[in-house]
Novice: 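Attaching a single structure in structure tokens format; questions to follow.
Order of appearance sets the numbers: ligands from 1, and atoms from 1 within every ligand.
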Amino acid sequence: MPELPEVETIARELRPLVVGQIITDAWFDWPNQIKHPAPSAFAGAVRGREIVSVERRAKWLIFSLGPALATGEPAVLAIQVKMTGQLDVVPRDAPRDKHVHVVLGLDDGRELRLRDTRKFGRVALYTAHEADAVLGALGPEPLGEAFSLREFRRLLRARRARLKTLLMDQAFLAGVGNIYADEALWRARLHPLRTADSLSEAEVRRLHRAVRSVLRQGIANRGSSISDYVGADGEPGDNAEQLAVYRRTGEPCLRCGREIARIVIGQRSTHFCPRCQREPLSAGEPSR
Ligand SMILES: [Zn+2]
């Protein structure tokens, strides 16, 4: 499942390929992937709009679109690639295999294609107001300026959730999933079952720094080549070898040599070092 660094990588790679293009037509063969508006209205609503920018918000790719001729209103095209989605920009006559389920024609003769073997990816066209409502329900961007140590401390206060669960909660913090939650907790030396309200000031500071550094490192390495994820250019990311704990069960901790352990929290595999990230004995475990 691509997380913030992988989606950021896709946005950066797509931007120079599609910004300035006008969407000439839309095609899809799996209506469930069109989340909004009704699939029957999608092609008409997206046609004729210019792609003004490509950004990322949480795990969504956000294409700002210029006004439609009919209404004069701009729009936002939001695409979530989920587990197996891949976005390619190719010439219109390039062979299209059976896993291509959404195609947007571009006015220079190329196409933006969503290829998605498991069809979990979602495409939505929103008005600016609708986009604000949907995206506004997400937590802050961990690499954004507004996500200061002070703000993180405020968000954590009085939260009794387990750290692993909380970091993956998109309404709490946007863009962090299983991989980067495990990595950040290892880097901050915090057990994934610790509760947010048990953290000392020093631990809050370590976690804030760790979340931001693992995400920055992921972006610098063009994302992780976990699962079926590949970048927009078809090449897997380079970050998988850089991961310290994720899917390293039984391998030595890079810090202390102890074997990395795996537990399941909220149905998600969780990887940690039992020595560096000590189990919470009680709510009042002293920090080290
Ligand atoms: Zn360790």
Novice: Would you check, one step at a time, whether the test ring pair (Phe, Tyr, Trp, His ring centres under 6.0 Å) holds for Phe152 with His208?
Specialist: CA-CA 7 Å; Phe152 189 43; His208 180 257; 5.7 Å; yes
Novice: State the CG-OG1 distance between Leu104 and Thr24, to the nearest 0.5 angstrom.
Specialist: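 Here the interatomic distance stands at 8.5 Å.
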Novice: Near the Zn ion (ligand 1), meaning under 2.8 Å, how many protein N/O/S atoms are there?
Specialist: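 With waters ignored, the protein N/O/S count below 2.8 Å is 4.
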Novice: Do Arg162 and Arg194 have side chains that approach each other closer than 4.5 Å (heavy atoms only, starting at C-beta)?
Specialist: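 Side chain of Arg162 against side chain of Arg194, heavy atoms only: no contact under 4.5 Å found.
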Novice: Between Phe42 and His36, is the ring centre distance below 6.0 Å?
Specialist: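 Phe42 vs His36: aromatic centres not under 6.0 Å.
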Novice: Under the salt bridge (Lys or Arg N to Asp or Glu O under 4.0 Å) test, which residues partner Glu8, sequence neighbours left out?
Specialist: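 Arg12, Arg56.
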Novice: Other residues, nucleotides and ligands only: do more than 12 of their heavy atoms fall within 6.0 Å of CD on Glu145?
Specialist: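 Incorrect, the count does not exceed 12.
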